[in-house]
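Encoded as structure tokens, the structure appears first; notes follow it.
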Number of protein chains: 4
Amino acid sequence: MNRGRPRSGHIDQAVAEAVRELLGEHGYQPLSIDKVAARAGVGKAGIYRRWRSKAEMVFSVVVHGTRLVPPADTGTLRGDLAALAGHIVALLSAPDARAVVPGLVADIAADPALAERFAAEFIDRERAVLGEILDRAAGRGELPAPGDAAFAHALLLGPIFTYLFLSGGEPPPGLPDRLAGAVLAALGAKE
Amino acid sequence: MNRGRPRSGHIDQAVAEAVRELLGEHGYQPLSIDKVAARAGVGKAGIYRRWRSKAEMVFSVVVHGTRLVPPADTGTLRGDLAALAGHIVALLSAPDARAVVPGLVADIAADPALAERFAAEFIDRERAVLGEILDRAAGRGELPAPGDAAFAHALLLGPIFTYLFLSGGEPPPGLPDRLAGAVLAALGAKE
Amino acid sequence: MNRGRPRSGHIDQAVAEAVRELLGEHGYQPLSIDKVAARAGVGKAGIYRRWRSKAEMVFSVVVHGTRLVPPADTGTLRGDLAALAGHIVALLSAPDARAVVPGLVADIAADPALAERFAAEFIDRERAVLGEILDRAAGRGELPAPGDAAFAHALLLGPIFTYLFLSGGEPPPGLPDRLAGAVLAALGAKE
Amino acid sequence: MNRGRPRSGHIDQAVAEAVRELLGEHGYQPLSIDKVAARAGVGKAGIYRRWRSKAEMVFSVVVHGTRLVPPADTGTLRGDLAALAGHIVALLSAPDARAVVPGLVADIAADPALAERFAAEFIDRERAVLGEILDRAAGRGELPAPGDAAFAHALLLGPIFTYLFLSGGEPPPGLPDRLAGAVLAALGAKE
DNA sequence: TGCTAAACGAGACGGTACGTCTTGTCTTGCT
DNA sequence: AGCAAGACAAGACGTACCGTCTCGTTTAGCA
């Protein structure tokens, strides 16, 4: 039985909007709960009632906006992998994501509980999509064995992350295709 | 002509030691310039005279400790790549690095000037090592073409980073070898 | 309607006590807001929320302790003036006051807004008391004219201040009486 | 015999000039030894070799500029006193003095050694001038007794200081004359 | 209809860190 | 040995956040 006043939905909306605005204006690090509360016209308690930290709040707002990777079915494993890699590139190189990802990853890495949620909601979901793709390919006989989805995923996501956030440059134009090729080869696919 | 009192070397030493201690105790985020100064018995001005931010300070301390990747020459491309990958895994999965890397990467990403230095001193150096390895392999006829060192590097570093800092897990035991295989295949090496 | 959490009174108390202690220990100049906050077990923000500077804070604490000059009515103008002068001497030669007054006066002089408050709460109040005394004397026929309270006040306070804080000495024993005489003469009182 | 390089006179000049400029620009409190050294193109050591503190430095510069009170001889005690009072008013209400005096007095009061020098070089000198005036008057038969120069001086300087630095206002126009009258009366002069 | 419990906005609270400034001393190489 | 330059340890400055707390008010479901 729920007693007391139910939580008002408008807080979630107002906070989400304020977070997106502030991220767009100055990026992740200078964003503070105080500023979000002020901008959203919301009490800080209302925010802390919903999220335990800035990272959680931003994460939930950003996740909510980033709707699920579409499975994609191009008919060939190479095509599916390239499509998925292209999707990841698009996702991470959007201006918002560029501003948010490194800081968010750092805060997540420093908070085990949040790390688990992040892994479950982001990494595992992408891995599942990839697993589906690999299974489909195995069904078509393109793969000799089921294939390690986690490894394949690391082989796609890792280099993209490296280009975007570690080497300070842009992912080169043909990257998704080349990554797809690398995964194919690594999994021993019949070309 | 150098005017004025020269900078005292003992500050660099004391700060480096204090930074290493504090990183070991509580990780990157809770480390503050105030605490470093207090622990090192050094004025804050002395720190700000040398580094413009906590990230720069930690970076220079950490970089100084992390001496250059040894080239390695196992006789085969696969062996060289696996050795390099193993080296990167060892470097990044050391307890210190685990505590420092995500936060440091975030601060670096937020500071373009520092990003450039980081790319030059870390990424480019590893790429150069890798380029040497690839050239050697091309000389032995193991590679049909010179090979894109940046791409190969992303293919090695990215997945390791992903396993360590994004998926919240451990790199699986055979990872260096599998990554070496993936690079070989992606570069079209004669097995 | 009062919005937000109301200010807690215990801060004012704790700060006042800490200020008095620290003034007693080392005087005005070495007193810092940091030390007051630490001693009082109070956040610096709580202090800056109430006062804009160390001078304001000390002033309000000191003023609060220094309750109003009693009017005094000895029956004669000379007696009233001497009593008032004696009161001022006692006030300013208390050990606390000696330690605080010069520094506080300097900071007040450097801050016009505070200068106005100080003049209103200290000087004007003493002048009002003196005005009352002069009026009473005029009523008794001791004075030919109402008398310039500001001038009379300067004639009392100024020499005391000079002895205490400018000439580095002690006010001579009979000073209040001699000052009373000087004021009498200056105002053309019938002796 | 003087060993070593003799002190360069240009430092005293350059410092004096820099101090006067900086006092004129921002007043006493924000003036710092660093700024003086930088403005004067002088090393800080050179300053500390000459003066033990900012207060001493400013004091010596200001004193040096303020050449000795002229004795004045108007023929009557009242005239002499009024002239002296007028001189003090002029001295203390010059824009430079207004900016410097309260802060300087505070620092002097906090440093006993300096307090003594200040009393000797300023107060005692003015008292001596006043003593001469009183002696002259006694010689002319205007005074029944030699007269307490210290008291008379406090009666002149104190009220002026009060008007200028304590009550936040201007000394009223006829002040020197009224003060002269007060002193006359207080000393029991034959009018 | 009234009662009660929780959510709400606002903002104060004790702390901590920031990056800058000032103080008085020390250390260079030049004069 | 004095000098200009400037590094040094210490610590204060005023601001910004943190995460918690206390107000007075509002909004619901339960009695």
Side-chain angles (χ1 to χ4, degrees), chain A residues 1-8 10-11 14 30-38 40-54, chain B residues 1-8 10-11 14 29-38 40-50 52-54, chain C residues 1-8 10-11 14 29-38 40-50 52-54, chain D residues 2-8 10-11 14 29-38 40-54:
Chain A
M1 182 191 347
N2 265 341
R3 307 249 280 134
R5 175 175 175 177
R7 293 195 180 165
S8 159
H10 91 273
I11 287 190
L31 178 145
S32 73
I33 301 240
D34 277 57
K35 282 186 196 134
V36 170
V42 144
K44 293 203 309 178
I47 294 183
Y48 280 105
R49 216 172 280 127
R50 287 167 173 71
W51 303 284
R52 283 179 28 264
S53 66
K54 158 181 156 181
Chain B
M1 182 193 347
N2 261 342
R3 313 248 268 133
R5 174 175 175 176
R7 295 195 180 166
S8 158
H10 91 274
I11 287 192
Q29 268 96 345
L31 180 146
S32 72
I33 301 231
D34 278 53
K35 281 188 196 132
V36 170
V42 143
K44 293 205 306 177
I47 295 183
Y48 280 106
R49 214 172 283 126
R50 286 168 172 71
R52 283 181 24 268
S53 65
K54 158 182 156 181
Chain C
M1 184 194 348
N2 261 342
R3 314 246 265 134
R5 174 175 176 174
R7 294 196 180 166
S8 160
H10 91 273
I11 286 192
Q29 268 96 342
L31 179 145
S32 73
I33 301 230
D34 278 54
K35 282 187 197 131
V36 171
V42 143
K44 291 205 306 178
I47 294 182
Y48 280 106
R49 216 172 279 126
R50 285 169 173 70
R52 282 178 28 265
S53 65
K54 158 181 156 181
Chain D
N2 266 342
R3 308 242 285 128
R5 176 173 175 179
R7 293 193 181 169
S8 158
H10 90 273
I11 288 191
Q29 267 97 345
L31 178 144
S32 72
I33 303 241
D34 277 58
K35 283 186 196 134
V36 171
V42 144
K44 293 201 320 178
I47 295 183
Y48 279 105
R49 215 171 282 127
R50 285 168 174 70
W51 302 285
R52 282 181 27 267
S53 66
K54 157 180 157 182

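First the proteins, then the strands, lettered A, B, ... as listed; each starts at 1. Note that the coordinates shown come from a computational prediction; the quantities given were computed from them, not determined experimentally.
- Atoms NZ (A/K54) and P (F/dC17) sit 10 Å apart, rounded to a whole Å.
- Taking atom CD1 of residue A/I11 and atom P of nucleotide E/dA6, one finds them 17 Å apart after rounding to whole Å.
- Positionally, the nearest nucleotide of DNA chain E for C/S8 lies more toward the 5' end than for the other of B/S32 and C/S8.
- Heavy-atom minimum distance, A/R49 versus A/R7: O-NH2, 3.4 Å.
- Here the P atom of nucleotide F/dC13 and the CG atom of B/D34 are 15 Å apart, to the nearest Å.
- The CH2-C1' distance, from D/W51 to E/dG24, rounds to 16 Å in whole Å.
- Judged by distance alone, with hydrogens and angles left aside, the side-chain atoms of C/R50 form a donor-acceptor pair with the main-chain N or O of C/G46 at under 3.5 Å.
- For E/dA6, neither phosphate oxygen OP1 nor OP2 lies less than 4.0 angstrom from any side-chain nitrogen or oxygen of A/R7.
- Residue-level contact check: C/K44 touches the bases, meaning some heavy atom is under 4.0 Å from a base atom.
- Proximity of A/I33 to A/W51: side-chain heavy atoms (C-beta onward) are nowhere separated by under 4.5 Å.
- When all heavy atoms are compared, the tightest approach of B/A37 to B/G43 is CB-C, 4.4 Å.
- D/R52 comes within contact range of no nucleotide atom at all, as no heavy-atom separation falls under 4.0 Å.
- Note on D/R49: a side-chain N or O is less than 4.0 Å away from OP1 or OP2 of F/dC3.
- Atom CD1 of D/I47 is separated from atom P of E/dT25 by 13 Å (rounded to the nearest Å).
- Closest-nucleotide positions on DNA chain F for B/A37 and C/Y48 were compared, and the one nearer the 5' end corresponds to B/A37.
- As a whole-Å value, the separation of D/I33 CD1 from F/dA4 P is 14 Å.
- One can place CZ of B/R3 at 6 Å from C1' of F/dA4, the figure rounded to the nearest angstrom.
- Straight-line distance from the NZ atom of C/K35 to the P atom of F/dA10: 15 Å, rounded to whole Å.
- Residues B/A45 and C/A45 each lie close to DNA chain F; by heavy-atom proximity, the contact nearer the 5' end of the strand is made by B/A45.
- Residues passing the side chain to side chain donor-acceptor pair (under 3.5 Å) test with A/K35: none are found, sequence neighbours excluded.
- Between the side chain of B/R5 and the base of F/dA7, at least one donor-acceptor pair of N or O atoms lies under 3.5 Å.
- Side-chain nitrogen and oxygen atoms of D/H10 include at least one within less than 4.0 Å of the OP1 or OP2 phosphate oxygen of F/dA4.
- When each of C/G41 and B/S53 is assigned the nucleotide of DNA chain E bearing its nearest heavy atom, the one mapping closer to the 5' terminus is C/G41.
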